[in-house]
Structures are given as C-alpha cells and as structure tokens.
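As structure tokens, the structure follows; a few thoughts come after it.
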Amino acid sequence: MAPSKVLMVAEKPSIALSIATVLSRGQMSTRRGSTDVHEFDGQFCGFHAHFKVTSVIGHIFSVDFPSPYQDWMVTNPVDLFQAPIVKTESNPKAHIRRHLSQEARGCAHLVLWLDCDREGENICFEVIECTGFHVNEARRRVYRARFSSVTEKDILKAMDNLVDPNRDEASAVDARQEIDLKVGVAFTRFQTSYFQGKYGNLDSRVISYGPCQTPTLGFCVQRYLQITTFKPEKFWVVRPFIIQSGYELQLEWERNKLFDLDVAVMFQKLVMEDGIVEVIDISEKQECKSRPSGLNTVNFLKVASSALGFGPQMAMQLAERLYIQGFISYPRTESTAYPSSFDFKGTLGAQVKNPMWGNYVQQLLDNGYLKPRSGTDAGDHPPITPMRLATEDMLGNDAWRMYQYVCQHFIGTVSPDCKYVRTKVEFSIGGELFHCTGQHVTVKGFTSIMPWLSVNEKNLPQFTKGEKIEVLKVELHEGNTSPPDYLSESELISLMEKNGIGTDASISAHINNICERNYVQVQAGRKLVPTALGISLIRGYQCIDPDLCLPDIRSFIEQQITLVAKGQADCLRVVQHVLQQFKQKFIYFVRKIENMDTLFEAQFSPLAESGRVLSKCGKCLRYMKYISTQPSRLYCSTCEEVYDLPQKGTIKLYKELTCPLDNFELLIFSMAGPEGKSFPFCPYCYNSPPFEGIDTLFSAVKTGSSGKAGKGAGMPCFLCPHPTCRHSLIAQGVCACPECNGTLVLDPVSAPKWRLYCNMCNCLVFLPQGAHRISTTRERCPECDSTIIEVDFNKKSTPLKDGATLHTGCILCDELLHSLVEVKHGKSFFKRMGARGRGRGSGRGYKGRGRGSGRSDDPKMSFRDF
DNA sequence: GCAAGGTC
C-alpha cells in the first residue's frame, strides 16, 4: 500500500525548516517553491507516511471592501458599517494560495503548525480554505499541533498530542478584522474628506483614525496638555549642613518640602536655634537589584529608543536583519521567560571569543552561571538572545550596537544579582528629623556586564548613635515644581503595552504611523511632541466623544472578541453589536464635527487661500501646495519657492517615491482625454534640469510633442539598492558608475525612455529601449568593474520560459556589450559573444552620447544603439 | 488615499 501523504504547514519558512529537521532527523529533501517544501518519510498515527512540510508567510488573506466601496466619491462612509467585505490575498505575488492548493493535492492529512495564538489559529483556517480540506471530514483529516516553542522536545510532544483547530479563536480574529476595517476606514474617509476639503495647509494627505493609532496619539497629546496647563508652585526645603570626619554633608529633611514659606522659615529658625545634630539611629540593610529577565520585544524597543536612540521602526528593521543573518533569535516575542530546555551553555559558549565580554562569559561558564529569573512565558517565542558571534565589521555600527545590547542583556540574565548595603543615618535637630543614606556594593553581579545599571557607590563618614555634632549652616532652598517632559517614545511603548494597544509586532508600526501622518514629531531625546494637527484631532475627539481617543476603545473591542474566542458569543452577533455602537458614535461625530472644526479653524487656513497639499518638498520635507488656478504650480510655503508644472493635464502623486537627487516627491502628469499619455517626473528636476541633455526631453514634454508613457516600464526603486526590495518591478536597477564610483540610478524623468544617470558625476547612460525589465546582476565587468545589467525583452513571462532571451552586458564599456543569455529549463547561462577589449577608460566617451556608436553584430542587443 | 494583524 502506498504511504499516505501528510501536509504540514507552519507560519513562516524558518519554522517549517525546524519542524522538518526535527521530525526527519535531518534526513529530508527540500524543494524550492513560493515557500520551501521539505519532504521525508516517517510514521504518522502508526502508519507509514510521506511528509511534506511547508509554510505560509503570515496571514494569507486580508480583508477589504469590494471595489464599488473603494471609491471615496460614491460611497457614503456611514454605509461602510453595513458594507460587505471580501478577503483577498495579502501578497498575491507570493501565490501562497496556489502553492498550498497544489501541495495539498493527494494528501490525506493536514497538520497545522501555525503559531499558537489567536492570529495563528485564524491562519489555520486560511490554510484549510486554500487546501480544500474540511474540518470535520473523516477521510481527509485536519490536525492542529500545539507547541509553545520550536524545540525538539516541544515539536515531538505536539506531534504526539495533535488536537483540532479552534474555530472560535479564529472567528475572534475575523471579528476584529471586520471591526477595525469598518471603523477605521469610515472615520478616516469622513475626516479626511471633511478637513482636506476645507483647509489647504493640513500637513498630512490622510487624516486617519484607528482604534490603535488614535489612542497612541492620545497619550502624546495628553502629556502635552499636562505640560501646557501646568502651573508651577514654589516650595521650600530646609537643608542643614554638618562636617563629619572632614567631609561636608547635607542632610535630607524628613518632610521633604513645604509649600508655605512662613512655615518653612519657622522650621529653619528652629533648626538654626538648636544648632546641634543628634544621631538617633543608624541602620544597615542588605539590598538586592535583580538581574534582568529575558528580553522581549517591548523591552527591546524601549531600550533601543531610550539608550541607543533608535526609533521603534528602525530598531525592528535592524533586529529583523540580525535575525535573518542568524545573529539573534526571533525578535518578535512577548515572552521574558526561557523554555526549560533552553541551551544556556551553548549560547554563552558562542560568546567566549568576544574581545569585550569573552573573559566575563568564560568566568560564568567556569564558575557556574545562574538560571535566569522566571519571567512570563506567553507561549510564543523565547526571549531575544544572541545566536552566534559577530564583530562590528560584520554588522555595521548601528546593527552592532543593537547586537551588543542583546548580548549584554542575555549575559546579564544568567549573571548573579547585584548586592549592596544601604546605610541610613537618622538625625534630630531640635526635634525635627533628617537623614542621609550611603550605598556600598558588595556583589556587582550582572551590573559588570550592564554597567549602565550599576548602583552608585555613596560613602558616608562614620557615625555613632547618640553622637552630637554642631550644625555648620542651615539653608532654606527655594524651588519650583516643574511640568513633566514630553512623552518619550519609551514611555509611550510602556503605556501602549499596559493598555493593550497593538502587539509586539505592531507597536512600532502605530508609532511610525502617527509620525508619518504628522500628528507628532520626534525631537531630541526621542521625545514625542504633538503637532497642531495632532493636538486639534485629540482635542476635537475630547469635546465630541472622548471614547474615540481613549485606550479603552481597544480594550472594548478586545473584550468583545474574547467572548467569541471563548465560544461565549456568536461571532456575527458580536460584530453586529459592536459595529452598531460605532455607527451610532460615527453618526454623532458627523453631526458634531463643527466642534472639532472650530479647533481646526484656529490653526489652519482655508483651502481658497492656499491650494491643496500634494507632495513633499525635498528641502524642508513639508508638504507643498498644488495651486490649480492657471498656470498650475506647486508652492512650498516653508521655503517660499514656486515650481512650474506641466500644464493641461492632471497631476497626481507618483507612488510616494522620492527623487534620489533632491528628495522631492515624484509626481505623475497625465494629459487630458481617455487616451491621455502620462509620465512621472520630479518637480525640482523639472525646474532645474540636473544634467546635460535633459532639456531636450523636457522641451518635448512641454510642447506636448512627446511624453510617451512606456507601458510596463515601472519606476525603479529610488529608496534602496537592496536586491529584494519590492518597491517596484525593477528595484534592482541601480549600478555603480565607473567614473566616480557613484550610484547609477534609473532616470526618474525619463521612465518611458530607459536611461541611467550618475548622481555624483552627472554622467548619462542610455539603455536599450522596449525592455520589460532591467535589473542588475552580480557579475562585474572585468574591464571597468561596473555592474553588469540584464535586460529582459520578454514581456509575458516571469519567470522566463525556455527559449526566452535576456541581454546582459556592461553598459559602460564595450567589453561585454553583446553578451547573451538564453534561458533553458528555467535556468540562465551566459554565452559571451564578440568580446573585443578597449580597455579601462575607453568608456569615458559615453557622457551625453546617444546614437551612432552602436555595434553591427545585433542592433537590438546594443545598449547604445537605439 | 483608509485599519490592524501576521511576516520578509
């Protein structure tokens, strides 16, 4: 009998790999696909079976409105509360649905290895849908593996204890998705349309609302209001001084401070008149400062912001990179407790060669390290720990500092606690009580690896009980109470965690959101200062319906969907009930919007005076206004600059890309009429052509005689040269200039015509036209060492089909100009043709050169002859 | 153009 086939699906490729490695004891074969598939034979429920382990990449689907509801103009936001919703593939290009459906064919069993939280349970059902399995089918069964860590022990235990997936928990997530979508989009569309239609200088394209982002902003504004409404009060402190063993010592008052001057003066007089200090008690206490527990995401983000100066977004990006490169463990975790099976010895052992803390680690290994303090085990991933040794050279400064902290924190968790003795000496002067304290560290413990947490040594001179000392002087210190500082990012993260706003994976996104929308600005010390827009919004909610910006709004939704998760309420009814409440709030909000508008009126100027905000200025990074009255222009009110625009057409923002030369946001111009041509351009370059030869293009565009849109010619990624960047189809279209080693970037103003220019020496390079895709290869030209690019003329097939042709060559020197790649069996190989050397430096003539220098071998393949 | 949640 043929072995039955078992399909196993994990939440991400790395977990699929771990599961397959454990279950096959490393004896599996791997097939590349949308996500890799690991195959092996083994036993399943007592039978011989063939296993396939693959994964999704997070959620397969996300919810949205069907297309008729996508149009802001035709849909009334209030109707969104009853609108249908559709699930679409989150990342259609990854083809996860197709992948799962194909892999499930012929499988008799499906085992779900998604993360064991609500989101994971929800993804289980997304997987079930894609595979065509059914939960209660007897013939093809669905199993759920429950595991709290991806360790051999847990994986094997989960395999022996397979359960059913939990529909209720999954439904709770469906409920949350629908509520978040409808509430967020309805409020956002209404606010945006209302205020953008009224004011011209709102510094954000979208005036968004969301049950996480709005309370997050609320925290920042609340602190701002505390500061602005703060009334300082004067206070007074009696400060006696004595000299003991040659040291001058200031004594602390038991009453701390008084707010009444007369009373304070009375005490000062009393103390001065007595003039003798009596030591009434000396006590010593052993104090212990505990070593940290394991590092979870929230604490990691707090340290990154407060100690390393990295914002949450940046910190997560760095952590993500360290994780992918294998330097640290998975950075998104709630847990501060380690699994019992955690390999502390191995993890420490990996650090003994580190020049900074290697010796310390060796001592820990020799003398015995401690088990970390018990933290909380959220059952997701272990705390963030170093996985392998790194040096600064391997990582670069920023990532290195991050890595360094992760290492020091981990070593700290297995180090002894810090112990110190606290001495308190109490004094009496004329019956008034004072004291002073000293600290002496006996065991440094973990503070020697985390020196910033050290206990300050404070020595006290010797005193004996009953001793009498003369008072040197008595000061009356006058102080003012001071307002709190603006909310720091780190404090905000704590508040969000405490109030259940966002998750370890999404907290950074929410903070980033309110910064990007210009509701707050990050200032020195990573303090969050709300802008006029942010303040007006929150104050507006506060006077119309404070619930809208309180953190309870999130906990209310959470509490409602928890009823669904526990099976105590019907999903549909909960969603209806919650949406009904929000709809009432929405209707009331719309009716009372004038209350919020009063605040906007005081801050912003009417549309008529100022035009409409369109795109960001590259100089001041504030929004510029589009003046639609003829001739239409862009105006930056901060820089007081006007930029001309192409006329007689529509101008829109182009994919929120910025020009690499000057940081101005790119725009797209479309000529009037249904067949109107369009082209993207940079408003700054359009007014100040950055290089020779570009005028011709502009004059053609300006007179309307050209301006062809290159269909399929996507714009390059101007944001980064990273090969996996998905900002556009030809994200890789960046190579090095051999003249000056600068970066060659696809010319933003010539998207229809493929050209590269160097933003350092301004040289211009022409590319073959009619290409479907242009990308860089890893090959370097042996002549001039510039990057070899690859030009794909095959419009239809990605990946390339057999027989399709690619053209590769160095665009800068003639050496490999006519290299050819043929695609066979999905793999490409190079076939060099006609390599005739001209030597390095011979490529210098390309600047501004266009036609005429092509080769005769194959005109289509010449990069210059077009 | 919009939310929040996974993950890359």
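Just so we're on the same page: letters track the sequence lines, and every chain starts at 1. Model, not experiment: these values are computed from the prediction.
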Against the side chain of A:Ser90, the closest entry in B:dA4, B:dC2, B:dG6 is B:dG6
Item to complete: Report yes if the ring of A:Tyr209 lies under 5.5 Å from the six-membered base ring of B:dA3 with planes under 30°, and no otherwise.
Response: no
ask   = Think A:Ser506 has a side-chain N or O under 4.0 angstrom from the OP1 or OP2 of B:dG5?
value = yes
With sequence neighbours left out, the residues meeting side chain to side chain contact (heavy atoms under 4.5 Å, CB included) with A:Leu181 are A:Val63, A:Asp64, A:Phe65, A:Ile85, A:Val185
Which of B:dC8, B:dG6, B:dC2 is nearest the side chain of A:Thr188? It is B:dC2
Of B:dC8, B:dG6, B:dC2, the nucleotide closest to the side chain of A:Val185 is B:dC2
The residue, A:Gln213 or A:Thr503, whose nearest nucleotide of DNA chain B is more 5′ is A:Gln213
query = Within the structure, does a side-chain N or O atom of A:Arg517 lie under 4.0 Å from either OP1 or OP2 of B:dA3?
reply = yes
A:Gln313 CD to B:dT7 C1', in whole Å, measures 14 Å
So is A:Lys12 actually on top of A:Tyr330's ring, under 6.0 Å and inside 45° of the axis? yes
On DNA chain B, more 5' by nearest nucleotide between A:Ile501 and A:Tyr69 is A:Tyr69
- Task: Have a look at A:Gly502 and say if it touches a base, only the backbone sugar-phosphate, or nothing, with a 4.0 Å heavy-atom cut-off.
- Result: sugar-phosphate
Of the listed B:dG1, B:dA3, B:dA4, the closest approach to the A:Leu181 side chain comes from B:dA3
Donor-acceptor side-chain pairing of A:Ser204 and A:Arg517 below 3.5 angstrom
no
A:Phe65 CZ to B:dG1 P, in whole Å, measures 15 Å
With the side chain defined as heavy atoms from C-beta on, A:Ser62 is closest, among B:dA4, B:dC2, B:dG6, to B:dA4
Would you say a side-chain N or O of A:Arg176 is under 4.0 Å from OP1 or OP2 of B:dA3? no
A:Arg332 atom CZ is separated from B:dG5 atom C1', nearest whole Å, by 11 Å
Whole-Å distance, A:Lys652 NZ to B:dG1 P, equals 8 Å
To the nearest angstrom, the CE-P distance between A:Met496 and B:dG5 comes to 9 Å
Where the side chain of A:Ser506 meets the backbone of A:Thr503, is there a donor-acceptor pair that is under 3.5 Å apart?
yes
In whole angstroms, the gap separating P of B:dC8 from CG of A:Asp115 amounts to 10 Å
Winner on side-chain proximity to A:Glu119, out of B:dA4, B:dC2, B:dG6, is B:dG6
message = Distance to the ring centre below 6.0 angstrom and angle to the axis at most 45 degrees; does that hold for A:Arg388 and A:Phe327?
response = yes
Rounded to whole Å, the CD-P distance (A:Glu665 to B:dG1) equals 13 Å
For B:dG5, take OP1 and OP2 only and decide whether either is under 4.0 Å from a side-chain N or O of A:His510.
yes
Applying a 4.0 Å non-hydrogen cut-off, can you work out what A:Val56 is touching in the nucleic acid: base, sugar-phosphate, or nothing?
nothing
Sorted by chain and residue number, the side chain to side chain contact (heavy atoms under 4.5 Å, CB included) partners of A:Asp180 (sequence neighbours excluded) come out as A:Arg176, A:Pro211, A:Arg554, A:Ile557
Requested in this report: Under 4.0 Å between any heavy atoms, over every strand shown, what does A:Glu11 touch: base, sugar-phosphate, or nothing? Just pick one.
Outcome: sugar-phosphate
Original post:
Under 4.0 angstrom, heavy atoms only, what part of the nucleic acid is A:Pro77 near: base, sugar-phosphate, or nothing?
Top reply: nothing
Closest to the side chain of A:Tyr330, out of B:dT7, B:dC2, B:dA4, is B:dT7
To the nearest angstrom, the CG-P distance between A:Asp117 and B:dA4 comes to 19 Å
